[in-house]
Visitor: 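Before I ask anything, here is the structure I am working with.
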Amino acid sequence: CHTSRMPTPKGKELAQNLPREELTHLILKLLQAWKEPLSHFNQHIEHHQELSDDSLSKAKQISNMVHELKTGVEKVTEKARFSINSLNGMASSEAAGLSISNEANLMSDSDFIHCFRRDSNKVQSYLKILKCKIMPENSC
């Protein structure tokens, strides 16, 4: 996976111990790291004659959802007055600290989907932890 070299907490307990700012920054880095690969993936699958219009639509919908999620996390970050300047204006590969051009493009579709699912699960877990840190009254 192109994000496997990105340092992430090994386990829920370590993620829970991260300060809100670091956890938010990590979420944004993961989301940003997928922007370009998802775009390439969408372009790649558009050339598959055997895929239905529904499959193509779902792939584009996933890319849009990742973009919307990133935008939402940035808004939460701004409201919480965290600093996200380090990610603003950076290219996705720079934000992740990775060179994704070759690695992401050489992945098979199944590997790509596996990696995306893995990182999506991480983001989902980190968002749950962040929610509990921001709103502890939700009995987390």
Side-chain angles (χ1 to χ4, degrees):
C1 297
H2 74 282
T3 58
S4 60
R5 291 185 304 266
M6 184 183 297
T8 58
K10 304 283 187 240
K12 183 179 177 181
E13 292 77 24
L14 291 175
Q16 288 173 324
N17 291 332
L18 286 177
R20 290 189 307 187
E21 295 85 356
E22 286 183 42
L23 191 57
T24 304
H25 186 73
L26 181 57
I27 293 166
L28 288 172
K29 281 177 61 173
L30 279 168
L31 292 172
Q32 188 71 17
W34 278 99
K35 182 180 178 183
E36 190 176 322
L38 282 170
S39 175
H40 287 289
F41 183 72
N42 283 338
Q43 291 171 3
H44 169 72
I45 64 167
E46 285 178 2
H47 296 18
H48 282 288
Q49 304 280 325
E50 67 274 6
L51 290 178
S52 68
D53 288 340
D54 188 48
S55 295
L56 294 174
S57 175
K58 286 192 187 302
K60 288 181 183 180
Q61 185 180 12
I62 289 169
S63 289
N64 290 337
M65 287 174 18
V66 167
H67 175 72
E68 289 175 19
L69 182 57
K70 179 181 168 289
T71 301
V73 171
E74 286 173 343
K75 286 180 182 178
V76 167
T77 299
E78 289 170 9
K79 288 188 181 208
R81 293 190 173 89
F82 296 148
S83 172
I84 60 168
N85 293 334
S86 59
L87 283 179
N88 287 341
M90 295 175 86
S92 58
S93 59
E94 292 172 326
L98 307 165
S99 174
I100 61 168
S101 56
N102 291 332
E103 200 169 336
N105 290 336
L106 295 176
M107 272 192 252
S108 70
D109 291 348
S110 60
D111 288 341
F112 183 88
I113 291 168
H114 165 78
C115 293
F116 181 72
R117 180 179 300 268
R118 183 197 72 164
D119 286 350
S120 295
N121 289 338
K122 284 183 184 181
V123 168
Q124 183 179 19
S125 295
Y126 298 159
L127 283 170
K128 286 178 183 176
I129 293 168
L130 185 61
K131 178 182 174 184
C132 289
K133 286 178 175 275
I134 292 172
M135 300 181 309
E137 66 275 4
N138 286 339
S139 58
C140 299

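Along the sequence shown, residues carry numbers from 1. Any value given below was found using the heavy atoms of this structure, including those in side chains, with hydrogens, waters and symmetry copies removed. None of the values given here were measured: they were computed from a predicted structure.
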Visitor: In chain order, what residues pass the side chain to side chain contact (heavy atoms under 4.5 Å, CB included) check against P7, with sequence neighbours excluded?
Guide: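 Expected list: none.
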
Visitor: Not counting sequence neighbours, which residues clear ring pair (Phe, Tyr, Trp, His ring centres under 6.0 Å) with F116? List them please.
Guide: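 Partners of F116 by the ring pair (Phe, Tyr, Trp, His ring centres under 6.0 Å) criterion, ordered by chain and then number, come out as W34.
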
Visitor: Nearest 0.5 Å please: distance from the CG atom of L30 over to the NE2 atom of H25.
Guide: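 Between atom CG of L30 and atom NE2 of H25 there are 10.5 Å.
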
Visitor: Answer yes or no: is there a donor N or O on one side and an acceptor on the other, between the side chain of H2 and the main chain of C115, under 3.5 Å?
Guide: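 Looks like no, no N/O pair under 3.5 Å.
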
Visitor: Can you check side chain to side chain contact (heavy atoms under 4.5 Å, CB included) on V123 and D119, steps first, answer last?
Guide: CA-CA 6 Å; V123 168; D119 286 350; 5.5 Å; no

Visitor: Judged by modelled atom types alone, do R118 and T3 share a side-chain donor-acceptor pair under 3.5 Å?
Guide: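 The answer is yes; a qualifying pair exists.
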
Visitor: If the condition is side-chain hydrogen bond (donor to acceptor under 3.5 Å, both in side chains), which residues does S39 pass it with, not counting sequence neighbours?
Guide: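 Scan of S39 (side-chain hydrogen bond (donor to acceptor under 3.5 Å, both in side chains), adjacent residues dropped) gives none.
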
Visitor: Mind checking the CG-NZ spacing from L127 to K122? Nearest 0.5 Å is all I need.
Guide: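 Atom-to-atom, L127:CG and K122:NZ are 14.0 Å apart.
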
Visitor: Say you draw a straight line from CG of L26 to OG1 of T8; how long is it, rounded to the nearest 0.5 Å?
Guide: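 It is 6.5 Å, given to the nearest 0.5 Å.
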
Visitor: By side chain to side chain contact (heavy atoms under 4.5 Å, CB included), which residues pair with K133, not counting sequence neighbours?
Guide: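 Partners of K133 under the side chain to side chain contact (heavy atoms under 4.5 Å, CB included) test: R20, L23, I129.
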
Visitor: Do you reckon I27 sits in the same ILVMFWY cluster as L14, going by side-chain contacts under 4.5 Å, direct or chained?
Guide: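 The answer is no; the residues belong to distinct hydrophobic clusters.
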
Visitor: To the closest 0.5 Å, what do you measure between CG (L130) and CG (L18)?
Guide: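 That separation rounds to 10.5 Å.
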
Visitor: Indicate the atoms forming the closest heavy-atom contact of Y126 with A15, along with that distance.
Guide: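 In terms of heavy atoms, the two residues are closest at CE2-CB, 3.9 Å.
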
